[in-house]
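Let me begin by presenting the structure, written as structure tokens, before commenting on it.
Order of the sequence lines sets the chain letters (A, B, ...), proteins ahead of strands, with each chain counted from 1. Note that this is a predicted model, so its numbers are computed, not measured. Any value given below was found using the heavy atoms of this structure, including those in side chains, with hydrogens, waters and symmetry copies removed.
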Number of protein chains: 2
Amino acid sequence: MKPEVTLKKLAVMLNLSVSTISRALKNHPDISAETRTKVKELATVLEYEPNAYAIHLRTNNSKEFGIVIPAISSYFYHSFISSVEEEARRFGYSVIILQSGDDPVLEQENLKKCKQNRVSGVFAAITSKTEDIQSFLKLENQQIPVIFFDKVPAFEACNKVCVADGLAASMAAEALILKKKLAVLSIFGNKNLSITKKRLKSYTDTFKKHKTGTEIFTFHAGNTEEAFQIVLQAFAGQSKPDAVFCMSDEILAGAMKAVQKLALRFPKDVGIITISDGYLPKIYYPEISYTETSGHKLGKLAFSRMLACIAGSTVAQELSIDSKLIEGGSL
Amino acid sequence: MKPEVTLKKLAVMLNLSVSTISRALKNHPDISAETRTKVKELATVLEYEPNAYAIHLRTNNSKEFGIVIPAISSYFYHSFISSVEEEARRFGYSVIILQSGDDPVLEQENLKKCKQNRVSGVFAAITSKTEDIQSFLKLENQQIPVIFFDKVPAFEACNKVCVADGLAASMAAEALILKKKLAVLSIFGNKNLSITKKRLKSYTDTFKKHKTGTEIFTFHAGNTEEAFQIVLQAFAGQSKPDAVFCMSDEILAGAMKAVQKLALRFPKDVGIITISDGYLPKIYYPEISYTETSGHKLGKLAFSRMLACIAGSTVAQELSIDSKLIEGGSL
DNA sequence: TGTGTTTTCGCAAACGTTTGTTGTTTAAAA
DNA sequence: TTTTAAACAACAAACGTTTGCGAAAACACA
């Protein structure tokens with residue numbers, strides 16, 4: 001059926017041994033220039049491509065990383081992945097992407113697949129329902145480094161890279177303070193996520209520290225629709241907020257939908273600020289001010305950490321990238 | 001370094017042969033129940049996972065598909081991929097995703113990687129700059145089916161699955177006609193893409209067919225920013241459009257930004273309609289009416305076509321999924 | 001002519017599986 | 001008791017590569 005071109009086939013055709021073919025193809029000094037060109041010519045004519053499976057089996061080195069992730073749905077994850085892919089290519093690695101659809105069972109299966117493929121390392125963002133980190137730790141025991149990113153477990157002794165959650169939140173708070181906002185509707189995500197806790201804490205701490213009289217109305221939205229409803233209700237009462245803070249893109253989308261429904265003008269009627277990677281804020285007019293969380297930068301950081309682990313670094317580190325305020329005109 | 005658990009290791013520990021272990025693990029009738037359980041127990045204790053490379057090498061069947069794609073940036077591609085992954089899982093296949101960043105050179109490399117990994121088939125959306133289809137066709141010659149999707153080449157004799165570009169555009173046109181719109185700003189994408197040509201033709205044909213006096217102002221926008229400018233200018237003059245049609249999400253984002261800048265109310269001041277997979281239209285209020293192009297459905301179709309090809313179907317087909325109008329209240 | 005040194009290549013083992021074939025034991029049928 | 005079959009397990013080859021080692025040929029030096 002599939003007439004695969006192999007070293008052996010080339011060897012037979014040229015009346016040489018398989019090992020000679022193999023060496024010729026990779027410019028081994030043992031092989032004469034004459035033989036080498038002869039081999040290479042035939043290889044290109046026949047479009048020989050080495051069998052990745054055989055190589056990996058033989059060398060016992062897959063030169064491959066796994067990225068296990070709830071979903072590539074967001075711009076943030078997309079830019080993270082692209083960033084890792086780019087670095088991987090530079091270092092001769094390739095990347096396989098495993099989506100779990102935010103399902104812990106599928107996540108387990110994906111980890112298993114990583115193991116079966118003997119990946120050199122795993123980049124992982126856990127699902128919102130992942131409670132047991134054991135299977136990840138087991139990989140580590142088998143010398144397969146695991147770098148958690150973005151959605152990281154609370155467990156201490158593991159490698160994590162994150163956006164500076166605290167910093168981004170507190171910078172947003174400072175921006176609100178600078179604009180002298182007095183009543184800020186503040187919408188955070190799922191209470192149980194560590195990312196929510198971190199952002200919430202830094203956010204409220206910042207307001208406390210500055211001792212402004214700002215009123216903070218804190219809500220939690222599990223999805224876009226909930227954020228939509230929260231904003232609607234917040235503006236239904238008598239005392240209306242003069243600013244809205246959103247913890248993420250998902251929440252921003254819902255909040256802005258409500259802003260449109262209520263026909264609020266921003267920044268005149270209400271100021272808006274969010275934490276984002278930068279795609280969604282730019283589709284509104286005026287563009288939404290946000291504190292940046294760069295998937296691209298995070299990818300670079302995660303990759304360098306991965307290389308360090310492969311090189312033998314054994315201490316678990318928690319690293320983060322900094323953030324900055326991007327003014328869009330919505331605050 | 002990496003103490004890999006292999007069949008051989010299990011065999012030594014249990015004083016059995018490798019083949020017995022292998023058979024026990026897969027419930028081969030030759031193996032006694034007693035031995036089988038003994039083997040399975042040890043395997044779970046030691047967390048044995050079969051080496052995927054060895055299996056693939058031995059069986060010469062990778063049970064793996066490649067998806068080569070410019071970028072997973074859009075919701076449409078994301079849902080296509082998820083859909084294919086879902087089907088693949090059902091049939092015991094896995095999927096590797098190769099992004100080219102819309103770079104034909106990287107696209108070539110990704111195809112090579114598919115070949116090196118001896119994938120069972122390739123799903124491909126070509127880059128906007130891909131002119132030479134040869135390398136794709138070569139895969140076909142080597143019994144590796146290629147199913148083009150969404151961004152497909154003009155070349156006839158290949159397998160393509162597309163959203164019903166013509167239908168979606170003409171349905172949008174009919175919706176505009178039904179609402180008795182008189183002056184429609186119609187923004188299409190890159191002139192050279194076949195997808196643009198198809199949508200444009202059906203769109204204008206539909207208006208001609210219905211012999212309405214509708215004025216159609218056609219523009220082409222290469223990106224979101226251009227769409228933004230086009231809308232701004234269209235509304236700068238005296239005679240303002242009473243509706244805007246967008247060919248894609250990318251264009252819709254720019255158009256809506258302009259609508260917000262101009263403080264136009266929709267559907268009162270201006271009607272909006274677009275072609276989309278459904279994510280972006282839903283973040284506006286009121287939600288944007290659109291004719292649907294489902295990445296999910298397209299994935300299912302592509303996969304079934306792939307299975308047919310693997311089963312031996314040799315005729316090249318061009319298939320498409322239908323579309324429907326989703327009313328959002330913007331028209 | 002003999003010894004030593006390159007140069008160039010082949011042999012064979014190994015990576016972890018799967019699977020057709022063969023061999024041994026046990027138990028049932030004659 | 002012998003024959004036959006069934007049950008169970010081992011042997012060995014193969015998938016395509018890489019690589020340490022050895023071998024043959026060519027050449028140089030004495």
Without decimals, in angstroms, what is the distance between [X] [atom1] and [N] [atom2]?
| X | N | atom1 | atom2 | value |
| --- | --- | --- | --- | --- |
| B:Asn27 | D:dC8 | CG | C1' | 15 Å |
| A:Gln116 | C:dT17 | CD | P | 10 Å |
| A:Leu14 | C:dT8 | CG | P | 17 Å |
| A:Lys38 | C:dT8 | NZ | P | 13 Å |

Pairing residues for [X] by the side-chain contact (heavy atoms from CB on, under 4.5 Å) criterion, not counting sequence neighbours:
| X | result |
| --- | --- |
| A:Ala316 | none |
| B:Ile310 | B:Phe65, B:Tyr93, B:Ser120, B:Pro145, B:Met306 |
| A:Ala43 | A:Leu10, A:Leu25, A:Tyr48 |
| B:Ser32 | B:Glu34, B:Thr35 |

* What string of B, S and - do you get for nucleotides 9-16 of chain D, 5' to 3', when a contact is any protein heavy atom under 4.0 Å? -> BBBBBBBB
* Quick one: salt bridge (Lys or Arg N to Asp or Glu O under 4.0 Å) partners of A:Glu87, sequence neighbours excluded? ->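 A:Glu87 satisfies salt bridge (Lys or Arg N to Asp or Glu O under 4.0 Å) with A:Arg90, A:Lys300 only.
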* Asked: Would a distance-only check, ignoring hydrogens and angles, find a side-chain to backbone donor-acceptor pair under 3.5 Å from B:Thr59 to B:Ile55?
  ->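 Yes.
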